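The structure under discussion appears below in the form of structure tokens.
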Amino acid sequence: MITSSSWAQRETDTLGPVLFKDVDAMRDWVRHRQSAGQQIGLVPTMGALHEGHLSLVSNALGNTDACVVSIFVNPTQFGPNEDFEVYPRPLDADLKKLASAGVDAVFMPDRMVMYPDSFGTHIEPPLVASRLEGLHRPTHFRGVATIVLKLLQIIPADMTFLGQKDFQQCLVIEQMVRDLNVPTKIVRCPTVREADGLAMSSRNRYLDADQRQRASAIVRGLKAVSAAFEDGQHSVSELELILGARCAELDRVDYAVIVDVETLEPIDLIRQDAVAMVAAWLGSTRLIDNQILRFSR
Ligand code: AMP
């Protein structure tokens with residue numbers, strides 16, 4: 001690992017990613033690379049990295065000239081009773097994973113760098129943020145939109161890589177980027193799953209053995225919906241019954257619904273692309289997942 005003070009002297013990346021904690025040094029590095037004609041890819045994360053994050057990294061490495069990963073557990077996207085304090089922060093392990101993945105730079109600011117005491121401006125996210133997650137986590141997307149825009153001001157990446165696992169987050173950020181003319185291309189990457197189909201998540205490590213086993217009911221429900229849809233069932237109430245029945249194994253379900261793929265508004269019948277969305281609890285762990293249902297005439 002090399003620190004930000006010496007990056008300018010370094011020509012090749014044999015020592016792993018350059019680590020930045022400072023805004024100006026990070027921005028200078030990006031500008032330096034871009035002025036040399038390089039395309040920059042950004043992968044924003046909260047750390048506790050797994051194969052899902054690393055798939056975004058390999059997409060970034062494959063589609064741009066240099067990949068920057070940000071690691072910042074963003075306090076403003078957590079609600080007052082959520083897991084901000086206990087969110088896993090295995091920094092050494094994360095940096096090792098990023099070094100072996102061939103990442104060019106890591107941005108890892110302290111909280112006070114991103115949110116000094118004087119901080120006071122927030123992004124008001126678009127309407128799509130108010131549905132589903134927005135009902136259960138009312139300030140979540142305001143925090144997400146604000147931190148992503150801040151990151152893109154510091155790391156003006158040509159392409160930004162997001163996971164479809166956080167489907168509503170993709171919609172919110174895509175619209176923010178369109179609405180505010182942010183010059184980056186958003187690339188949605190497929191959800192990476194465990195062997196039993198459970199979507200990889202930094203929060204999976206909170207699950208005990210019994211919860212871990214029951215957690216796969218989410219993906220089994222989504223697969224059952226997808227299969228019924230492919231067999232011609234287009235009634236949302238029927239499909240939601242199938243999803244709800246599988247989700248009965250979970251401790252509590254915040255939502256298990258099929259909605260419009262762009263607006264996330266409720267629908268009765270699938271006449272165009274839709275998405276099945278689930279948020280559910282196992283003990284004190286909340287997991288989300290989704291499955292797009294592609295309509296073909
Ligand atoms: P997080 O660290 O949870 O904020 O996630 C950082 C990025 O990784 C987001 O764009 C997520 O959607 C993405 N991500 C998280 N889990 C997965 C997964 N299982 N597969 C693909 N992308 C993921």
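Just so you know, these numbers come straight off a predicted model, no measurement behind them. We count ligands from 1, going down the list as the structure has it; atoms in each ligand are counted the same way.
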Could you tell me whether some N/O pair between Met200 and ligand 1 is separated by less than 3.5 angstrom?
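Min N/O separation from ligand 1 is below 3.5 Å for Met200.
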Contact with ligand 1 for [X], non-hydrogen, under 4.0 angstrom:
{"X": "Pro44", "value": "yes"}
{"X": "His50", "value": "yes"}
{"X": "Pro190", "value": "yes"}

Not counting sequence neighbours, which residues clear salt bridge (charged side-chain N to carboxylate O under 4.0 Å, His left out) with Glu238? List them please.
none
Give me the nearest non-hydrogen protein atom to [atom] as residue plus atom name, then the distance to 0.1 Å.
{"atom": "atom 10 (O) of ligand 1", "value": "Gly163 N, 2.9 Å"}
{"atom": "atom 12 (O) of ligand 1", "value": "Asp166 OD2, 2.6 Å"}
{"atom": "atom 13 (C) of ligand 1", "value": "Leu56 CD1, 3.7 Å"}
{"atom": "atom 4 (O) of ligand 1", "value": "Met46 CG, 3.6 Å"}
{"atom": "atom 20 (N) of ligand 1", "value": "Val192 N, 2.9 Å"}
{"atom": "atom 5 (O) of ligand 1", "value": "His53 NE2, 3.4 Å"}

Could you tell me how the ring of Phe84 sits relative to the ring of Phe78: parallel (under 30°), tilted (30 to 60°) or perpendicular (over 60°)?
perpendicular
Can you list every pair that meets ring-ring contact (aromatic ring centres under 6.0 Å, His included) and has a residue in residues 178-214, with sequence neighbours left out?
none
Backbone N/O of Ile292 and side chain of Gln164: donor-acceptor pair under 3.5 Å
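A pair under 3.5 Å: no.
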Taking the basic N atoms (NZ, or NE/NH1/NH2) and the acidic carboxylate oxygens, is any pair closer than 4.0 Å for [X] and [Y]?
{"X": "Lys223", "Y": "Glu230", "result": "no"}
{"X": "Asp251", "Y": "Arg214", "result": "yes"}
{"X": "Glu174", "Y": "Arg188", "result": "yes"}

